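Below is one structure; the comments refer to it alone.
Labels below follow one simple rule: chain letters A, B, ... track the order of the sequence lines, proteins then strands, and each chain is numbered from 1. Quantities reported herein were computed from a predicted structural model and do not represent experimental measurements.
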Protein chains: 2
Amino acid sequence: MNSEFTIAVHSLVLLAYRPDHMATSDMIAHNVCTHPARVRKVMACLRKLGYVKAKEGSGGGFILSCDPSQVTLAEIYRATSIGSIKPGWCSGDAEQECMIACNMADVMGQIFTEAEMHLLGFLQQLTIQQVLGRIRDVQQDRT
Amino acid sequence: MNSEFTIAVHSLVLLAYRPDHMATSDMIAHNVCTHPARVRKVMACLRKLGYVKAKEGSGGGFILSCDPSQVTLAEIYRATSIGSIKPGWCSGDAEQECMIACNMADVMGQIFTEAEMHLLGFLQQLTIQQVLGRIRDVQQDRT
DNA sequence: AGTAACTGTTACGAATATAATTACAGTATG
DNA sequence: CATACTGTAATTATATTCGTAACAGTTACT
């Protein structure tokens with residue numbers, strides 16, 4: 001799975017944690033533990049889909065512009081990582097005579113596509129708000 | 001997803017296609033389109049779990065030793081690729097004060113584990129025999 | 001107007017993961 | 001005892017991923 005999914009979810013949860021607080025890419029990057037430029041890239045994607053608003057210029061940054069209890073991880077997966085369940089490497093060879101060799105890539109492609117749909121079904125059940133809830137639960141258990 | 005899963009499934013389907021035919025790692029590697037040593041590594045794993053039998057020495061190779069209509073892709077996934085759905089990269093940092101930063105890795109870990117269980121549920125429904133059936137279907141559609 | 005603090009985006013280098021290849025010990029066959 | 005295999009580890013090559021730098025464009029503040 002694509003790690004941009006992780007960055008996107010982390011950033012949205014962070015923004016949902018303080019809904020009225022504007023966060024710069026520097027602040028988010030520090031929290032997520034990556035580079036600000038990478039955060040900006042992911043956030044630009046989330047902005048285009050309306051999940052966050054970006055403000056350029058001095059005093060700017062990102063702020064949540066969605067209801068975190070309505071946004072599911074399935075949407076975020078679709079936005080950032082669709083297709084990433086399938087390995088880059090493909091077996092077989094369409095040029096071969098053998099029925100197995102020349103059709104296996106197609107069939108595995110089908111299977112990975114269906115597997116991804118099932119994965120989306122699971123992610124559909126989880127909202128950003130629920131992820132924040134889980135964070136609180138884990139924090140509670142630490143004590 | 002780990003590409004060894006693909007190699008394992010491809011090899012098993014190939015062996016199921018000709019159940020009484022012994023195939024060398026060279027033959028399988030040519031069909032799968034990879035290196036014989038890689039095939040042997042994956043097959044050694046399948047052998048230890050009883051899915052195939054290996055015969056060393058001249059005239060040796062691999063032969064199926066399971067019922068392909070009983071072996072599901074979930075078993076193969078477990079054997080070759082468990083944990084591979086989770087990206088290697090982890091966000092957050094356990095040393096930070098922030099509740100989000102220090103617990104996000106744990107929570108994402110939970111989520112990926114659950115996602116993998118759902119994935120296994122889907123793969124459980126697919127047998128090696130059914131994959132072979134799909135190959136035949138795709139071949140049919142070509143004409 | 002000018003400076004500082006941001007985002008948006010691209011390009012490139014570094015680190016990491018993955019696959020191919022080589023090598024060789026061990027084993028069965030004829 | 002030569003040949004044809006598996007089993008396995010080590011090494012090299014390649015692809016992918018991540019970090020970083022650079023800079024144009026935008027806004028706020030003085």
Side-chain angles (χ1 to χ4, degrees), chain A residues 1-8 10-11 15 21-65 80-81 83-93 105, chain B residues 1-8 10-11 15 21-65 80-81 83-93 105:
Chain A
M1 169 119 35
N2 199 321
S3 65
E4 291 193 358
F5 174 72
T6 300
I7 294 175
H10 188 140
S11 303
L15 292 180
H21 187 255
M22 181 160 280
T24 67
S25 63
D26 265 342
M27 295 164 60
I28 297 171
H30 184 253
N31 199 279
V32 169
C33 268
T34 187
H35 200 275
R38 199 164 181 222
V39 169
R40 289 200 293 272
K41 187 184 169 202
V42 173
M43 296 306 273
C45 167
L46 295 178
R47 177 183 56 79
K48 282 164 190 163
L49 293 166
Y51 298 115
V52 301
K53 278 186 180 140
K55 195 180 170 194
E56 296 187 355
S58 180
F62 300 95
I63 197 166
L64 206 63
S65 70
T80 60
S81 307
S84 69
I85 197 177
K86 186 178 171 182
W89 194 87
C90 257
S91 79
D93 171 10
Chain B
M1 170 120 33
N2 199 321
S3 66
E4 292 194 358
F5 174 72
T6 301
I7 294 175
H10 188 139
S11 304
L15 293 179
H21 187 254
M22 181 160 279
T24 67
S25 62
D26 265 343
M27 295 165 60
I28 297 171
H30 183 253
N31 199 280
V32 169
C33 269
T34 185
H35 200 276
R38 199 165 181 219
V39 169
R40 290 201 291 273
K41 185 183 169 201
V42 173
M43 297 306 274
C45 167
L46 295 179
R47 176 182 57 78
K48 283 163 189 162
L49 293 167
Y51 297 117
V52 300
K53 279 185 180 142
K55 195 181 172 194
E56 297 188 351
S58 179
F62 300 95
I63 196 166
L64 206 64
S65 69
T80 60
S81 306
S84 69
I85 198 178
K86 185 177 171 181
W89 194 89
C90 258
S91 78
D93 171 9

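The interatomic distance linking B/Arg40 (CZ) with C/dC24 (P) rounds to 14 Å, in whole Å. The interatomic distance linking B/Ile7 (CD1) with C/dA20 (P) rounds to 7 Å, in whole Å. For the pair A/Phe5 CZ and D/dC18 C1', the computed distance is 19 Å after rounding to whole Å. Look at NE2 on B/His35: it is 14 Å from C1' on D/dT6, rounded to the nearest Å. Straight-line distance from the CE atom of B/Met43 to the C1' atom of D/dT6: 11 Å, rounded to whole Å. In this structure, CE of B/Met22 is placed 11 Å from C1' of D/dC5, rounded to the nearest angstrom. A straight line from CZ of A/Phe62 to C1' of C/dA5 spans 13 Å, rounded to a whole angstrom. Nucleotide D/dG7 holds its C1' atom 7 Å from the CD atom of B/Glu56, rounded to whole Å.
Distances were taken from every side-chain heavy atom of B/Lys48 (C-beta onward) to each of D/dT8, C/dT27, C/dA20; the shortest belongs to D/dT8. Of the candidate nucleotides C/dT7, C/dT9, C/dA19, C/dT7 has the atom lying nearest to any side-chain atom of A/Thr24. For B/Arg47, taking side-chain heavy atoms from C-beta onward, the closest of the listed nucleotides D/dG7, D/dA21, C/dG8 is D/dG7. Listed nucleotides: D/dA21, C/dT21, D/dT26. Nearest to the side chain of B/Ala37: C/dT21.
In this structure, A/Ser58 does not reach the C/dA4 phosphate: none of its side-chain N or O atoms is under 4.0 Å from OP1 or OP2. The side chain of B/Arg38 contributes an N or O atom lying less than 4.0 Å from OP1 or OP2 of C/dA19. An OP1 or OP2 oxygen of C/dA17 is reached within less than 4.0 angstrom by no side-chain nitrogen or oxygen of B/Trp89. Contact between the side-chain N/O atoms of A/Lys53 and the OP1/OP2 oxygens of C/dT7 is not found at any separation under 4.0 Å. Look at B/Ser3 and you'll find a side-chain N or O under 4.0 angstrom from OP1 or OP2 of C/dA19. The phosphate of D/dC5 has neither OP1 nor OP2 within less than 4.0 Å of any side-chain N or O from B/Ser25.
Between A/Phe62 and A/Leu46 there is no side-chain heavy-atom pair separated by less than 4.5 Å. Side-chain contact check for A/Thr6 versus B/Pro87: some heavy-atom pair is nearer than 4.5 Å.
For A/Ser65 (side chain) and A/Gly50 (main-chain N/O), a donor-acceptor pair under 3.5 Å exists by modelled atom type.
Between B/Gly60 and A/Lys55, the residue anchored closer to the 5' end of DNA chain D is B/Gly60, taking for each the nucleotide with the nearest heavy atom. When the nearest nucleotides of DNA chain D are assigned to A/Gly88 and A/Cys33 by heavy-atom distance, the more 5′-ward of the two goes with A/Gly88.
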Quick one, A/Met43 with A/Ile28, criterion side-chain contact (heavy atoms from CB on, under 4.5 Å). Give me CA distance, side-chain angles, the key distance, then yes/no. CA-CA 10 Å; A/Met43 296 306 273; A/Ile28 297 171; 4.1 Å; yes
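Here the closest heavy-atom approach between residue B/Arg38 and residue B/Ser3 is recorded as NH2-OG, 2.9 Å.
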